[in-house]
Protein chains: 2
Amino acid sequence: MSATQASTDRSTAAGKVLQILSTFDREHQSQTLSEIAQRTGLALSTAHRVVQELAGWGALERADDGSWHVGLRLWEIASGCPRTQILRDVALPFMQDLYEATHENIQLAVREGTELVFVERIAGHRSVELLTMVGSRFPIGATGMGRVLLAHAPLDIQEAVLDAPLRAWTAHTLTDPKALRAQLDRIRREQLIVSDRQLSESTVAVAAPVRIGRTGPVSAALGIVIAARSASRARGLREPLLRAASGISDELGRRTRTTA
Amino acid sequence: MSATQASTDRSTAAGKVLQILSTFDREHQSQTLSEIAQRTGLALSTAHRVVQELAGWGALERADDGSWHVGLRLWEIASGCPRTQILRDVALPFMQDLYEATHENIQLAVREGTELVFVERIAGHRSVELLTMVGSRFPIGATGMGRVLLAHAPLDIQEAVLDAPLRAWTAHTLTDPKALRAQLDRIRREQLIVSDRQLSESTVAVAAPVRIGRTGPVSAALGIVIAARSASRARGLREPLLRAASGISDELGRRTRTTA
DNA sequence: GCGGCACTTCCGCCTGACGGAAACCGTGCT
DNA sequence: AGCACGGTTTCCGTCAGGCGGAAGTGCCGC
């Protein structure tokens, strides 16, 4: 009976729903029933039944070509996720202003575990091509924004990241734990980081922490990403970035105080 | 069989997951286990088990005070919802420009059934207080943006809305089906609507359809919402709104062509 | 027509979900 | 301290609902 499912053991009913939903990741936003069955390891008939049920609820929708994708209803529910919603509501106007002042890519991200998740982004037509999009994940050590979050993360997280080998995304990526540790110290001192071509050869980022209230815990990172060829502009972005970040922090503090 | 499952039949396993997720609506973004059990009608122990499982997966998260809310993982998956994602990706830069030109509330919405769902919004610090937020639903007949979508919806939807009694949200809301029908005609002719205090006494909206390609099906509505007291400005917003809407339409057409 | 593919439906076996009940907290009141 | 209470967690016997193999359907393309 179901002998060899060592690590793939997801036999609970709720688990099946989650398994199926999880297949709809960045690379597979739209897939056929058989793909779903394949990727989850479920029997076709089982996948079919669950998918039908999810569809009946609006959690999945079917495209004209017969493939499935995440439905509007699920998006609605999920868009109420407080981690992102409060943050977005509060941050957007500030990001707005920042964009208007700089016309560069403005990004907002939170930490989950040892990864960075992008929550919101403002970009004009003619901005740099970015690897990142809303909802995508990156290892926390690889980007300026990630390092900001890492610098303020619980110690066990920091150690975990520093102990693991650091991947070199570009020729400039810091891979020496010592150097990274020093950089984290500096972030804590200066509340800011200028990150030069760490994730991609063509981009430079400036990033700062967003807190809950002026001195509260760090809940997100705000960053500006510019083309590496105009790296000289980075210096001028520090001031507006810090202003925006502390504006968001203050507003977050105000809201959570009254809410709680 | 399965004869009389009128409304109370929610006995499937996947159903329980969905029932629970559905409780996390606009008004209940954060709730305790007992609330969930109550609102779903599930036994406490059952709710507990399922919630635990969802939490194990990151679909739900627990706040410091012990209450539950939607988790980041679910948000990530759902943020891949094509209906909203493609739209947002394409539309944001244009909404951006539009905001910069007008400094008013810029909103983007899609239709689902006979309802309007807000997908994205750009708003400055000092903008009008709005009833709407990203992810919220409204009856499609009540707003300018909704009527734009209604005007281009399948006929059965149109009839369904026109046949049902129209709620008067304000003293100015159109409630006569004849008048509404005329307005829909006009929207189709002019590709634009100025909607005067239909949903709230304090706001006026200008809205236009967003298509897939220049002549494709209408997939969303783009709108600008301003304070009713500055209604005179509405006229000047028509041009930029139409420009932005057709910009988005063109870009959408381009992308879906290459993707498909 | 025929084989192949992707999806849908059927149905009997059996497992994993169900929920009542009881234990386990933390908190506030006396 | 003792107690009562609301919310949460664990346990476990019963049994209904999920499971998936297999057969049926519909749709190409050869």
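Throughout, protein chains are lettered first and strands after them, A, B, ... in sequence-line order, and every chain is numbered starting at 1. What you are looking at is a predicted structure, and each value in this text was computed from that prediction instead of being measured.
Summarising the geometry, the separation between CD on Gln19(B) and P on dA17(C) is reported as 16 Å, rounded to the nearest angstrom. Rounded to a whole Å, the CD atom of Gln31(B) is 13 Å from the P atom of dG7(D). In this structure, Asp65(A) atom CG and dA6(C) atom P are separated by 14 Å, rounded to whole Å. Rounded to whole angstrom, the span from the CG atom of Leu44(B) across to the P atom of dC25(C) amounts to 17 Å. With rounding to whole Å, Gln38(B) atom CD is found 9 Å from dG7(D) atom P. Between Leu33(A) atom CG and dT8(C) atom P there is a gap of 6 Å when expressed in whole angstrom units. Per the geometry, CG belonging to Leu54(B) stands 13 Å off P belonging to dA17(C), to the nearest Å.
Between dC19(D), dT8(D), dC18(C), one nucleotide has an atom nearer to the side chain of Lys16(B) than all others, and that is dC18(C). Nearest nucleotide to the side chain of Gln52(B), out of dC19(D), dG20(D), dT9(D): dT9(D). Comparing dT8(C), dC18(C), dT9(D) against the side chain of Arg49(B) picks out dC18(C) as the nearest.
Contact check, Ser45(B) against dC18(C): no side-chain N or O comes under 4.0 Å of OP1 or OP2. Taking side-chain N and O atoms only, Thr32(A) has no distance below 4.0 Å to OP1 or OP2 of dA6(C). Distances shorter than 4.0 Å separate none of the side-chain N or O atoms of His48(B) from OP1 or OP2 on dT8(D).
At a threshold of 4.0 angstrom between heavy atoms, the contacts of Thr46(B) include nucleobase atoms, whether or not backbone atoms are also involved.
Geometric assessment of Arg167(A) against the ring of Trp169(A) yields a positive cation-pi assignment under the 6.0 Å and 45° thresholds.
For the residue pair Arg62(B) / Ser30(B), no side-chain donor-acceptor distance below 3.5 Å is found, with atom types taken as modelled.
The pair Arg26(A)-Glu76(B) does not meet the salt-bridge criterion, since no charged nitrogen lies less than 4.0 angstrom from a carboxylate oxygen.
Nearest heavy-atom pair, Cys81(A) versus Trp75(B), reported as atom, atom and distance to 0.1 Å: CB-CB, 4.0 Å.
For CD of Gln52(A), the number of neighbouring non-hydrogen atoms (other residues, nucleotides, ligands) closer than 6.0 Å is greater than 12.
Comparing Gly41(B) and Ser67(A), the nucleotide of DNA chain C nearest to each residue sits closer to the 5' end for Ser67(A).
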